[in-house]
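Since the structure comes first, as structure tokens, the remarks are kept for the end.
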Amino acid sequence: MKRLFSQGLFAALALCAFSTSYAASSPEVEALVKEGHRLFTTEKFNGNGRVCETCHVAGGKTAGHLPNGKPMPSLMNAAAVFPRVRHGQVTSLEDQVRKCVGGAIEGTPPEYGSKELGALSVYITSLSEGKAIELGGTPQ
Ligand code: HEC
């Protein structure tokens with residue numbers, strides 16, 4: 001009985017660990033999260049060959065690093081700390097994604113309102129599901 005209980009507990013924990021971190025309340029959202037993840041891990045935007053995941057390791061879920069090895073935070077709370085305000089300048093999550101494509105990837109940033117930018121935005125926001133909004137906070 002005790003053993004059964006612990007096995008059940010283990011199975012439940014394993015399920016939690018492998019289930020997605022967002023509510024996925026609609027199939028439409030789920031599809032966009034998947035598409036955003038696909039772009040995040042494979043899309044080169046006609047740039048220097050890098051993809052988002054080159055620096056934002058493991059889909060942005062763990063600490064990342066620059067090509068020179070310099071560490072940087074994960075994207076797990078990125079959506080909760082954006083829009084970002086620095087020196088009087090407001091940067092939205094989508095602005096930041098376009099900056100990374102234009103700068104880090106030296107590619108063509110997806111247009112505002114495009115499916116690509118929307119999907120990336122939905123994917124990154126899914127990582128922050130359940131996190132409290134923390135305007136002015138630091139990425140973790
Ligand atoms: C060459 C490395 C590199 C690549 C490739 C890259 N980024 Fe970034 N990204 C950075 C750096 C460095 C920062 C921190 C910028 C800052 O603090 O101003 C950052 C910041 C971010 C942030 C805000 C969170 C934070 O820690 O400041 C998001 C969101 C983000 N990147 C998304 C993307 C997406 C989406 C892609 C792919 C389209 C991408 N990045 C590709 C290096 C990269």
Side-chain angles (χ1 to χ4, degrees):
M1 183 62 193
K2 207 171 169 191
R3 176 131 183 241
L4 243 174
F5 175 75
S6 61
Q7 277 176 352
L9 193 69
F10 179 77
L13 283 174
L15 251 175
C16 289
F18 294 112
S19 67
T20 43
S21 57
Y22 57 95
S25 49
S26 84
E28 204 177 10
V29 169
E30 200 169 349
L32 277 165
V33 170
K34 273 203 184 119
E35 173 60 5
H37 180 260
R38 188 189 68 78
L39 294 167
F40 195 91
T41 50
T42 61
E43 181 57 48
K44 299 196 172 95
F45 299 98
N46 290 317
N48 54 19
R50 290 175 187 153
V51 297
C52 307
E53 209 177 36
T54 306
C55 300
H56 302 291
V57 177
K61 291 181 184 173
T62 64
H65 56 72
L66 291 177
N68 68 10
K70 193 177 168 243
M72 64 178 175
S74 80
L75 298 182
M76 289 305 281
N77 72 334
V81 299
F82 273 77
R84 174 180 277 161
V85 186
R86 277 184 187 161
H87 315 294
Q89 177 115 32
V90 178
T91 306
S92 70
L93 190 61
E94 295 197 338
D95 295 334
Q96 180 62 45
V97 171
R98 296 185 82 249
K99 272 190 189 181
C100 278
V101 175
I105 291 180
E106 298 177 281
T108 313
E111 295 291 334
Y112 286 104
S114 65
K115 277 192 173 163
E116 287 80 10
L117 192 55
L120 281 167
S121 179
V122 169
Y123 171 66
I124 294 164
T125 303
S126 78
L127 300 177
S128 294
E129 178 81 26
K131 296 252 159 77
I133 287 180
E134 201 191 339
L135 272 183
T138 29
Q140 289 160 4

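- In this structure, I133 belongs to a hydrophobic cluster whose other members, linked by side-chain heavy atoms under 4.5 Å apart, are L135.
- Grouping the Ile, Leu, Val, Met, Phe, Trp and Tyr side chains by contacts below 4.5 angstrom, directly or via other members, places M72 apart from V97.
- Residues V85 and L93 do not share a hydrophobic cluster, defined by chaining ILVMFWY side chains whose heavy atoms lie under 4.5 Å apart.
- By the neighbour-count criterion of 12 heavy atoms within 6.0 Å, atom NZ of K131 is densely surrounded, having more than that number from other residues, nucleotides or ligands.
- One distance of note links CZ of R38 with NZ of K34; it measures 13.0 Å at 0.5 Å rounding.
- When side chains are defined from C-beta on, H65 counts as touching V57, because their heavy atoms get closer than 4.5 Å.
- For the pair T125/S128, no side-chain contact is recorded, criterion being any heavy-atom separation below 4.5 Å from C-beta on.
- E53 contributes a side-chain N or O that, together with a main-chain N or O of G59, makes up a donor-acceptor pair within less than 3.5 Å.
- The closest side-chain heavy-atom distance from E35 to L39 is below 4.5 Å.
- The nearest pair of heavy atoms linking A80 to A132 is CB-O, 3.5 Å.
- Under the 4.5 Å side-chain criterion, counting only non-hydrogen atoms from C-beta, V51 is in contact with K44.
- Distance CG/L66 to OG1/T54: 11.0 Å, rounded to 0.5 Å.
- To the nearest 0.5 Å, atom CZ of residue F82 and atom CG of residue L75 are 9.0 Å apart.
- Between R98 and P110, the shortest heavy-atom distance links the atoms NE-O, 2.8 Å.
- With values rounded to the nearest 0.5 angstrom, T138 atom OG1 is found 7.5 Å from N77 atom CG.
- The shortest distance between side-chain heavy atoms of S74 and P139 does not fall below 4.5 Å.
- Distance check: T91 OG1 to K99 NZ gives 4.0 Å after rounding to the nearest 0.5 Å.
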Exercise for the section: Take E116 and E43, measure what side-chain contact (heavy atoms from CB on, under 4.5 Å) needs, and give me the verdict at the end. Expected result: CA-CA 10 Å; E116 287 80 10; E43 181 57 48; 6.0 Å; no
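- Here the OG atom belonging to S121 is positioned 10.0 Å from the CG atom belonging to L32, to the nearest 0.5 angstrom.
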